[in-house]
Enquirer: 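Sharing a structure with you now.
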There are 2 protein chains.
Amino acid sequence: MHITILGGGGFLGRKLAQRLVADGALGGRAISGMTLFDLAAPAPLDAPFPVRTQAGDLGDAVALAIAIPEDTGVIFHLAAVVSAAAEADYDLGVRVNLLGTLAVVNRCRALPAAPRAVFPSSVASFGGGQDARVADDARQVPTNSYGAQKAMAELLLADASRRGFLDAACIRLPTVVVRPGRPNKAASSFASAILREPLLGLATNSPVFPDFRLWICSPRSATGWFLHAATMDTAPLGLERGVNPPGMTASVAEMLDALERVAGIEARRLVQIVPDTVVQDIVRGWPSGFVPDRALALGFAPHESLDEVVRAFVAEDLEATRAERAPV
Amino acid sequence: MHITILGGGGFLGRKLAQRLVADGALGGRAISGMTLFDLAAPAPLDAPFPVRTQAGDLGDAVALAIAIPEDTGVIFHLAAVVSAAAEADYDLGVRVNLLGTLAVVNRCRALPAAPRAVFPSSVASFGGGQDARVADDARQVPTNSYGAQKAMAELLLADASRRGFLDAACIRLPTVVVRPGRPNKAASSFASAILREPLLGLATNSPVFPDFRLWICSPRSATGWFLHAATMDTAPLGLERGVNPPGMTASVAEMLDALERVAGIEARRLVQIVPDTVVQDIVRGWPSGFVPDRALALGFAPHESLDEVVRAFVAEDLEATRAERAPV
């Protein structure tokens with residue numbers, strides 16, 4: 001079975017690929033080959049099966065036909081223009097997040113058998129704010145173009161599943177914490193920065209108050225959910241191919257408490273609360289809590305503790321982040 | 001102010017155009033011109049202002065730029081591939097219902113001022129079945145490609161409204177009864193046929209039992225809601241640009257009772273119950289009831305009685321239907 005990771009050069013795509021290489025199989029089926037597809041060719045990966053890295057545009061039908069060969073059993077469609085970028089450039093967001101997903105559907109129609117398609121949708125497709133407790137049957141009323149494009153892509157994939165073009169499972173990811181790399185312009189950048197920067201010995205600010213709550217998940221949980229979505233029985237999903245996974249609600253204070261437990265009071269002291277009303281105005285609309293009953297019933301693993309989230313970053317990503325950010 | 005009706009050659013587009021011609025104004029603003037746009041050029045229309053009829057494809061940017069001139073104040077975007085056709089031809093449905101709506105959004109971005117965009121979405125974007133009482137905040141989980149494309153178009157128009165490209169109001173139309181013309185292959189064809197055919201003196205069958213319930217609206221109510229959507233204050237809609245209008249639940253028996261009251265027992269006797277499990281399997285998924293509190297609060301007019309629906313068809317559409325169907 002061939003596996004294709006669209007967006008295979010990104011942070012989560014890379015983690016997923018490494019995990020699949022380590023496992024050598026998925027759902028009891030041996031992996032015969034893998035394509036890592038991204039705008040820029042992903043770095044090579046040592047594996048016991050051929051791994052092809054391919055640079056290309058999601059809207060290029062020929063490139064997609066190469067990226068998704070006939071024996072593809074599972075597609076992880078992680079390629080996306082993220083929230084801040086989709087807000088800044090409407091056409092780019094539509095082209096990649098909506099029309100790119102349509103291109104994936106169209107490629108799948110040409111395959112001899114409908115592949116499983118695992119798609120990360122997003123908490124950004126919901127509104128609700130700090131007091132939200134989003135139920136499994138809640139409407140998606142997005143507050144941004146990224147969320148709207150993700151919700152449209154879910155509808156497209158659900159309909160394509162009903163028609164037998166592919167077999168989709170869409171996981172509406174919480175804010176992923178701890179992201180490696182550098183602080184960026186995303187409004188959610190602080191959610192990772194308040195843990196990552198102190199662990200690197202660097203000072204950082206929280207633009208929101210300590211009682212501000214976020215719906216988060218770790219890279220480890222996200223990867224585990226993707227793998228479950230790739231192998232689960234999709235029949236119980238019915239027509240509703242989107243799942244709100246069991247992330248966790250965490251306040252800034254709770255995240256800093258975990259930081260202190262893992263790395264000491266000195267690490268915590270590197271974080272200052274410096275209110276930023278611009279950031280607050282964006283993030284206050286995001287739902288801070290879900291009731292993920294359906295996902296738990298479908299076998300998606302409950303989330304690990306905040307302490308484990310911090311320790312996993314230290315164990316798996318801290319050194320690489322330090323190296324990446326070292327002056328050359 | 002210019003007004004453009006995309007799908008202006010269709011049944012509802014024509015009724016709307018006639019109403020606008022009779023009114024000569026919309027929301028207190030004089031109409032300076034009108035475009036009726038459809039795949040085949042709509043028939044000409046006498047009016048006190050210039051009416052241009054234009055044949056074209058929704059995906060043709062040049063044609064759309066002509067159809068929607070710079071002084072356009074209101075666009076009625078009624079152009080669509082209907083349910084049975086979108087199910088039979090996936091590409092056609094996507095091209096018109098989804099990408100066509102994207103083309104409208106893109107044309108609106110080039111206008112000097114964001115026009116009001118009135119868009120009929122559909123009861124087919126919901127599931128739920130006979131026992132449904134669909135609330136205003138219910139998720140849309142479509143059971144067909146047409147419904148999925150309509151739900152995607154709503155998301156696209158809501159996001160475009162948030163960004164100020166246009167100012168959309170989406171009306172999720174019930175099954176329209178009584179449609180003029182002939183019985184067709186749509187699963188909902190019987191809903192109009194059991195009233196229209198007997199009024200023409202013709203026998204017809206109901207494929208569902210007398211207690212089967214539908215969520216319906218008349219052409220008159222649909223047209224009235226479109227006009228309200230074109231002139232209402234959209235601020236109270238917030239990010240949710242879709243409205244479930246106050247249609248009515250009607251059983252087959254109730255429709256036949258109304259037929260009998262208006263046209264006599266002889267008319268009713270022309271309708272035979274001839275169960276058709278193929279049709280039943282499709283229509284049993286459609287929600288038969290809504291709780292349209294939001295639409296009523298927003299000023300959408302409550303529905304008229306079934307007797308009025310039948311009488312309005314007799315007064316306004318029966319002769320034209322008879323003429324259209326006469327052997328030449």
Side-chain angles (χ1 to χ4, degrees), chain A residues 83 86-91 93-95 97-99 101-103 105-106 108-109 121 124-129 134-165 168 172 237-242 244 285 294, chain B residues 83 86-91 93-95 97-99 101-103 105-106 108-109 121 124-129 134-165 168 170 237-242 244 285 294:
Chain A
S83 57
E87 203 60 28
D89 187 339
Y90 178 77
D91 292 305
V94 166
R95 190 165 65 78
N97 296 341
L98 175 60
L99 304 184
T101 303
L102 177 59
V105 168
N106 282 332
C108 289
R109 292 163 74 186
S121 183
S125 62
F126 290 96
V134 179
D136 283 324
D137 63 352
R139 274 187 75 76
Q140 286 161 288
V141 182
T143 62
N144 54 82
S145 291
Y146 173 74
Q149 289 150 11
K150 284 289 187 184
M152 285 188 272
E154 282 190 48
L155 282 160
L156 198 60
L157 291 168
D159 188 48
S161 298
R162 185 186 61 81
R163 297 187 76 121
F165 299 157
R172 302 187 191 112
L237 292 176
L239 292 169
E240 174 57 88
R241 294 291 174 141
N244 299 335
R294 185 163 178 260
Chain B
S83 57
E87 203 61 29
D89 187 338
Y90 178 76
D91 292 304
V94 167
R95 190 164 64 78
N97 296 341
L98 175 59
L99 304 183
T101 302
L102 178 59
V105 168
N106 282 331
C108 289
R109 292 164 74 187
S121 182
S125 63
F126 291 96
V134 179
D136 283 324
D137 63 352
R139 273 188 76 76
Q140 285 161 288
V141 183
T143 62
N144 54 82
S145 292
Y146 173 74
Q149 290 150 10
K150 284 289 187 183
M152 285 188 272
E154 281 190 48
L155 283 159
L156 198 59
L157 292 168
D159 188 49
S161 298
R162 186 187 60 81
R163 297 187 76 120
F165 299 158
C170 306
L237 291 176
L239 292 169
E240 173 58 91
R241 293 291 173 141
N244 299 334
R294 184 163 177 260

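In what follows, chains are A, B, ... by sequence order, proteins preceding strands, each numbered from 1. Keep in mind that what you see is a predicted model, and the values were worked out from it rather than measured.
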Enquirer: What salt bridge (charged side-chain N to carboxylate O under 4.0 Å, His left out) pairs are there with at least one residue in residues 153-162 of chain B, not counting sequence neighbours?
Expert: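 Listed by first then second residue: E87(A)-R162(B), E154(B)-R172(B), D159(B)-R162(B).
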Enquirer: Residues of residues 139-146 of chain B under 4.5 Å from chain A (heavy atom pairs)?
Expert: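 The residues closer than 4.5 Å to chain A, in numerical order, are R139(B), Q140(B), V141(B), P142(B), T143(B), N144(B), S145(B).
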Enquirer: Can you say whether R241(A) sits under 4.5 Å from chain B via the side chain, the backbone, both, or neither, judging by heavy atoms?
Expert: neither
Enquirer: Given a strict heavy-atom distance threshold of 4.5 Å, which part of L156(B) is in contact with chain A: side chain, backbone, both, or neither?
Expert: both
Enquirer: Identify which part of A153(A) has an atom lying under 4.5 Å from any heavy atom of chain B, answering side chain, backbone, both or neither.
Expert: neither
Enquirer: Given a strict heavy-atom distance threshold of 4.5 Å, which part of A158(B) is in contact with chain A: side chain, backbone, both, or neither?
Expert: neither
Enquirer: Taking the side chain as every heavy atom from C-beta outward, state whether L155(B) and L155(A) have any pair of such atoms under 4.5 Å apart.
Expert: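 They are in side-chain contact.
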Enquirer: Shorter than 4.5 Å, heavy atoms on both sides: which option in G242(B), A160(B), A148(B) has the most such pairs with chain A?
Expert: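 Top count of heavy-atom pairs under 4.5 Å with chain A: A148(B).
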Enquirer: Let me confirm one number: the CZ-CG distance from R109(B) to D91(A), rounded to the nearest 0.5 Å.
Expert: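 One gets 4.0 Å once the value is rounded to the nearest 0.5 Å.
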Enquirer: Mind ranking L239(B), N106(B), V94(B), L99(B) by heavy-atom pairs under 4.5 Å with chain A and telling me who comes out on top?
Expert: L239(B)
Enquirer: Which answer fits F165(B), side chain, backbone, both or neither, if we ask what part of it has an atom under 4.5 Å from a heavy atom of chain A?
Expert: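 Only the side chain of F165(B) comes within 4.5 Å of chain A.
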